[in-house]
Visitor: 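Supplied in structure tokens, the structure appears directly below.
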Amino acid sequence: RAVSGEVPEDPVVSKKSGLLYEKRLIERHIADYGKCPVTGEALTMEDIVPIKTGKNVKPRSLTAASIPGMLGMFQNEWDALMLSNFALEQQLHTARQELSHALYQHDAACRVIARLKKERDEARSLLAQAERQAPLPASAVTAVSNGKRASEEEDTGPGAKRMRHGVSDSIIAELTECNAALSQQRKKRQIPPTLVPIDALERYTQLSSHPLHKTNKPGITSIDINPSKDIVATGGIDSNAVLFGRTSGEILSTLSGHSKKVTSVKFVAHNDVFLSGSADKTVRIWQGSEDGNYNCRHILKDHTAEVQAVTIHATNNYFVTASLDATWCFYDLSSGLCLTQVEDPTNSMGYTSAAFHPDGLILGTGTVGSTVRIWDVKSRGNVANFDGHTGAVTAISFSENGYFLATAAHDGVKLWDLRKLKNFRSYELYDQDTPTNSVDFDHSGSYLAMAGSDIRVYQVGSVKAEWNCLKTLPDLSGTGRATCVKFGPDARYLAVGSMDRNLRVFGLPEEDASTES
């Protein structure tokens, strides 16, 4: 019965499965295949037991008892076969139509691509002809070519190195003067009276959450704040940079143009310029306009791998980019020219973070290989290395007092004394599977924020004095990964980005803030 679906005339049963078979059918199946037709397990005739039954004659079914009944049965089976055949023909017709449509789309796409390539080649030919007839000055070439330098025309192949203008003596003198002036001011520096006190910071809670980036590619990778205008900038995995007015609670501008995630965003103080670095190997310089929009002024393409960090010099005239191609570039902001590109032969895996010292003559870079490298900007020489981290150095931050450096990596946060070039304190904040993604000193140098699976704020002490944890704020994104943190002016609030699409602002509730003021 298990094979034919009918009552067996000579029944047998399997010892293994207990199934009932027609003897002649199961004998033939075992001889051919050697296994049970239902369960698939091995079966021999020794496993088959015959069953004794009565010899009563089995009655025929009514439909098979007469010729008209049999004809009707054959007609029903024929109709079912025809219906099944019709359904298969319909499916075949639909599949042919879909295939024809796909082939048509492919052919149209190939034609469009061929036309665009032809137009591109014609445009390149016309541009080359125009440049030969009327050579443009260097600054004009920079603007027309969207950030590519005129010196790129001197490249002779993929391995050729571009000619750099170099850091001139006048630029070095400008950097030195800035360093002297800032160092002198720092000696007289006092904590501003408007700085949020410790007891107020201990009462910080989430004030607001703002969905700034796309839902299909969530994640904020970088944050910066323009303190004079109270604008928060975020860089996202959705390849956009968003400028958000914290006071108004509205998105002021969404800057699109990068083809991959934005890894670093930075405001340039006083001249309404904004920088963004991306995993698409480029850096964009955006110029603000009177209507509040930002236009891309230059696209810088000097790196050959992901740009991981952008940092602004204290003069606001120069900036540095660091990349996974194991080089960092020193740029002139006004022209977008790369003045020098510094290679590190000992660093084969590239840079993951970078920051200028507040005085501007020292550059700190973090590497994939867990080393922090300190550079003399004037000589472009590596003057110190800090080892001890595990994993890539995800973030570095110099204290405003110029003495301390905080670095974050997979194993937590380390604090370094720049006067003695040694590590004086380490924090293993999370478990071994949770890296610390961001560190940030506030502008006064009084507080230090760290971000990983939560956000922690420490009171800055000294080499010997303890650094106390004042507040631990939860990562409310639900992702368990706070990726970036930044203090607002006078530490009045904390801007936090996570692996969801929301910018979160932590600070004093309104009633507490009014009482505090």
Side-chain angles (χ1 to χ4, degrees), residues 1-107 109-110 215-219 237 260-261 279 349 368 390-392 410-411 430-435 452-453 477-481 499-500:
R1 182 173 181 81
V3 177
S4 64
E6 297 180 356
V7 178
E9 296 179 359
D10 191 4
V12 293
V13 67
S14 170
K15 293 179 181 179
K16 293 185 176 180
S17 63
L19 295 173
L20 189 67
Y21 304 100
E22 177 69 48
K23 183 177 180 181
R24 60 182 176 80
L25 295 179
I26 194 62
E27 283 179 346
R28 189 184 307 163
H29 188 85
I30 290 176
D32 292 341
Y33 303 104
K35 60 182 180 180
C36 176
V38 177
T39 63
E41 59 185 359
L43 194 65
T44 65
M45 287 305 298
E46 296 177 356
D47 299 322
I48 301 300
V49 178
I51 298 176
K52 294 182 178 180
T53 60
K55 297 298 182 178
N56 297 329
V57 178
K58 184 178 65 174
R60 295 181 180 180
S61 63
L62 294 177
T63 56
S66 64
I67 291 177
M70 294 178 65
L71 290 175
M73 185 172 59
F74 293 154
Q75 182 67 46
N76 291 338
E77 291 181 1
W78 174 260
D79 293 341
L81 180 63
M82 290 297 100
L83 288 173
S84 176
N85 186 56
F86 177 74
L88 288 174
E89 287 182 349
Q90 278 189 321
Q91 292 176 2
L92 177 62
H93 180 67
T94 303
R96 284 177 171 173
Q97 282 185 326
E98 291 176 351
L99 178 60
S100 176
H101 186 63
L103 290 174
Y104 175 79
Q105 285 184 326
H106 178 266
D107 182 66
C110 290
T215 54
N216 60 338
K217 290 184 178 180
I237 292 179
K260 294 184 179 179
K261 66 180 179 180
M349 292 182 287
V368 176
T390 300
H410 194 89
D411 57 349
Y430 313 110
D431 59 57
Q432 60 182 2
D433 297 324
T434 306
S453 61
S477 68
T479 63
R481 285 186 61 190
M499 285 307 293
D500 66 347

Visitor: Treating E22 as the side-chain partner and E9 as the backbone partner, does any N or O pair qualify as donor plus acceptor under 3.5 Å?
Guide: yes
Visitor: Looking only at heavy atoms, what is the nearest atom pair of P218 and I237, with distance?
Guide: O-CD1, 3.6 Å
Visitor: Can you tell me how far apart CG (D10) and CD1 (I51) are? Round to the nearest 0.5 Å.
Guide: 10.0 Å
Visitor: Is the shortest side-chain N to carboxylate O distance from D47 to K15 below 4.0 Å?
Guide: no
Visitor: Output the distance between atom NE2 (H93) and atom CD (Q97), rounded to the nearest 0.5 Å.
Guide: 3.5 Å
Visitor: Can you tell if the side chain of V12 reaches within under 4.5 Å of the side chain of I26, non-hydrogen atoms only?
Guide: yes
Visitor: Has Y430 got a side-chain atom pairing as donor or acceptor with G452's backbone, closer than 3.5 angstrom?
Guide: yes
Visitor: With side chain to side chain contact (heavy atoms under 4.5 Å, CB included) as the test, would you mind laying out the steps for V38 and S17 before giving the verdict?
Guide: CA-CA 9 Å; V38 177; S17 63; over 6 Å; no
Visitor: Calculate, to the nearest 0.5 Å, the distance between atoms CD1 and OG belonging to I30 and S14 respectively.
Guide: 8.0 Å
Visitor: If I take atom CZ from residue R28 and atom OH from residue Y33, how far apart are they, to the nearest 0.5 angstrom?
Guide: 11.0 Å
Visitor: List the steps, then state whether side chain to side chain contact (heavy atoms under 4.5 Å, CB included) holds for K35 with E41.
Guide: CA-CA 5 Å; K35 60 182 180 180; E41 59 185 359; over 6 Å; no
Visitor: Between H101 and Y104, how do the two ring planes meet: parallel, tilted or perpendicular, split at 30° and 60°?
Guide: parallel
Visitor: Hey, what do you get for OG1 (T94) to CG (L99), rounding to the nearest 0.5 Å?
Guide: 12.5 Å
Visitor: So does A392 get a backbone contact from the side chain of H410, meaning a donor-acceptor N/O pair under 3.5 Å?
Guide: no
Visitor: Is there side-chain contact between L43 and H29, with heavy atoms separated by less than 4.5 Å?
Guide: no
Visitor: For K261, does its backbone N or O pair with a side-chain atom of K217 as donor and acceptor, under 3.5 Å?
Guide: no
Visitor: Can you check whether P11 reaches Y21 side chain to side chain, under 4.5 Å on heavy atoms?
Guide: no
